[in-house]
Protein chains: 2
Amino acid sequence: MKTEHLHQLIWMSRPLMQAAEACVEAGLVGTDLTVRMRAVLEMLDKYGEQTVPEIAARLEIKRQYVQIMCNETRESGFIEQRANPRHKRSPIMALTDRGRTVIKDIISREMTLMEEVGGDLSDEDIATALRVVRAVTDSLKQEAGETE
Amino acid sequence: MKTEHLHQLIWMSRPLMQAAEACVEAGLVGTDLTVRMRAVLEMLDKYGEQTVPEIAARLEIKRQYVQIMCNETRESGFIEQRANPRHKRSPIMALTDRGRTVIKDIISREMTLMEEVGGDLSDEDIATALRVVRAVTDSLKQEAGETE
DNA sequence: GTCAATATGACAAGTATAATGTCATTATGA
DNA sequence: TCATAATGACATTATACTTGTCATATTGAC
């Protein structure tokens, strides 16, 4: 039974992700943000100003693509470059005021959505789900890592 | 707190899915299956023989792409067509013996992996996680649906 | 039975989200 | 100092789809 539930849980990850992405996308309508720009802004908002390779490491996608994402985001005026004292070739990406306002607003609206989505689920159950999903993800990552 | 946990849970969906996909892919090495062929076989194994449009509906992807998936799977000898009495233009896809053996074996190996991944998590917690994830997915789908 | 609406397979093209490869330049660190 | 690594920029390729179109076959309402 346990393995069966686990299998089902894991195969829910795709529908969950797709539903989540659809909501995120819907939430961006009206702003001039794209989903990938939002991802950049979220990293800067959450972990502070940082370089492109640092963002790439956090998002676990290749730096070359994050570079594109960041360039776009910068062209749209949501982030700006600052000199990096620790690494002259790699400027630090920082939120502009506009970027900060936008991402705070988006996250805030997403949190409002979370309240609706939370519905009748208890905080305890959600916390349990989070803990399980994290453990399973870590475990799967390790399994896959060993195989390669 | 609840909304915060929920937000985190939802944003775990991508890492979870990616880790899961990596494991599934690793499990297919040695078989002549691809991930998308595996998906076709799983649907046939789980829900019985059915037409391409039916599989597409279950996978929630466009029938044109499922057609490609099924054609590949058929060319590789894992499924075969049978006449469809209910719809002459649309043959029923059915597992061949080889296909049945392969998918049973894959699923069985995945279940073994589930035992390892389950680790010290209780069945109760996993069941809770599954219930929460399903509820959240349904809720998000509805939200996104209303917006579009 | 007729006939408009629909379903299906086949095929072509496009799109989003990346990965991969390469290069010149610059830092870094032993 | 000098080999090695890091970075941005750019080009190519890959994957997993979606969208659009067409001819034909099928269905269902009347």
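In what follows, every chain begins at residue 1, and chains take the letters A, B, ... in the order their sequences are listed.
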A.B. asks: In whole angstrom, give the distance that lies between atom CD of B:E21 and atom P of C:dA19.
C.D. replies: 13 Å

A.B. asks: What's the CG-C1' distance between B:N84 and D:dT27, to the nearest Å?
C.D. replies: 13 Å

A.B. asks: From CE of B:M69 over to P of C:dC11, roughly how many Å is that when rounded to an integer?
C.D. replies: 18 Å

A.B. asks: How is A:V35 classified with respect to the nucleic acid when contacts are heavy atoms under 4.0 Å: base, sugar-phosphate, or nothing?
C.D. replies: nothing

A.B. asks: Would you name the heavy atoms of B:V133 and A:L9 that are closest together and state the gap between them?
C.D. replies: CG2-CD1, 3.8 Å

A.B. asks: B:Q67 has a side chain; which of C:dA18, C:dT28, C:dA10 sits nearest to it?
C.D. replies: C:dA10

A.B. asks: Select from B:V52 and A:I61 the residue whose nearest nucleotide in DNA chain C is closer to the 5' end of that strand.
C.D. replies: B:V52

A.B. asks: Given atom NZ of A:K62 and atom C1' of C:dA18, what is their separation to the nearest angstrom?
C.D. replies: 11 Å

A.B. asks: Identify which one of A:E110, A:E25, A:E21 satisfies the salt bridge (Lys or Arg N to Asp or Glu O under 4.0 Å) criterion when paired with A:R38.
C.D. replies: A:E110

A.B. asks: Between B:P85 and A:P91, which has a closest nucleotide on DNA chain D that is more 5'?
C.D. replies: A:P91

A.B. asks: Whole Å only: how far is the CZ atom of B:R74 from the C1' atom of C:dG9?
C.D. replies: 11 Å

A.B. asks: Distance check needed: D:dA9 C1' versus A:E72 CD, whole Å only.
C.D. replies: 15 Å

A.B. asks: Looking at B:I126 and A:L6, what are the two nearest heavy atoms and their distance?
C.D. replies: CG2-N, 3.8 Å

A.B. asks: Counting heavy atoms from C-beta on, name the nucleotide in C:dT17, D:dT26, D:dT7 closest to the side chain of A:P53.
C.D. replies: D:dT7

A.B. asks: Among D:dC17, C:dT8, C:dA18, which nucleotide sits nearest the side chain of B:S90?
C.D. replies: C:dT8

A.B. asks: Does B:Q64 get its side chain close enough to the base of D:dG20, under 3.5 Å, for a donor-acceptor pair?
C.D. replies: yes

A.B. asks: Calculate, to the nearest 0.5 Å, the distance between atoms CD and OG belonging to A:Q8 and A:S13 respectively.
C.D. replies: 13.0 Å

A.B. asks: Measure CD1/B:I55 against C1'/C:dA7 and give the value in whole Å, please.
C.D. replies: 16 Å

A.B. asks: Nearest-Å distance, CZ (B:R38) to C1' (D:dT15)?
C.D. replies: 18 Å

A.B. asks: Distance check: side-chain N/O of A:N71 vs OP1/OP2 of D:dG8, anything under 4.0 Å?
C.D. replies: no

A.B. asks: Would B:E80 and B:R74 pass as an ion pair if we require N to O under 4.0 Å?
C.D. replies: no

A.B. asks: Select one nucleotide: of C:dA10, C:dT22, C:dA7, the one nearest the side-chain heavy atoms of A:R63.
C.D. replies: C:dT22

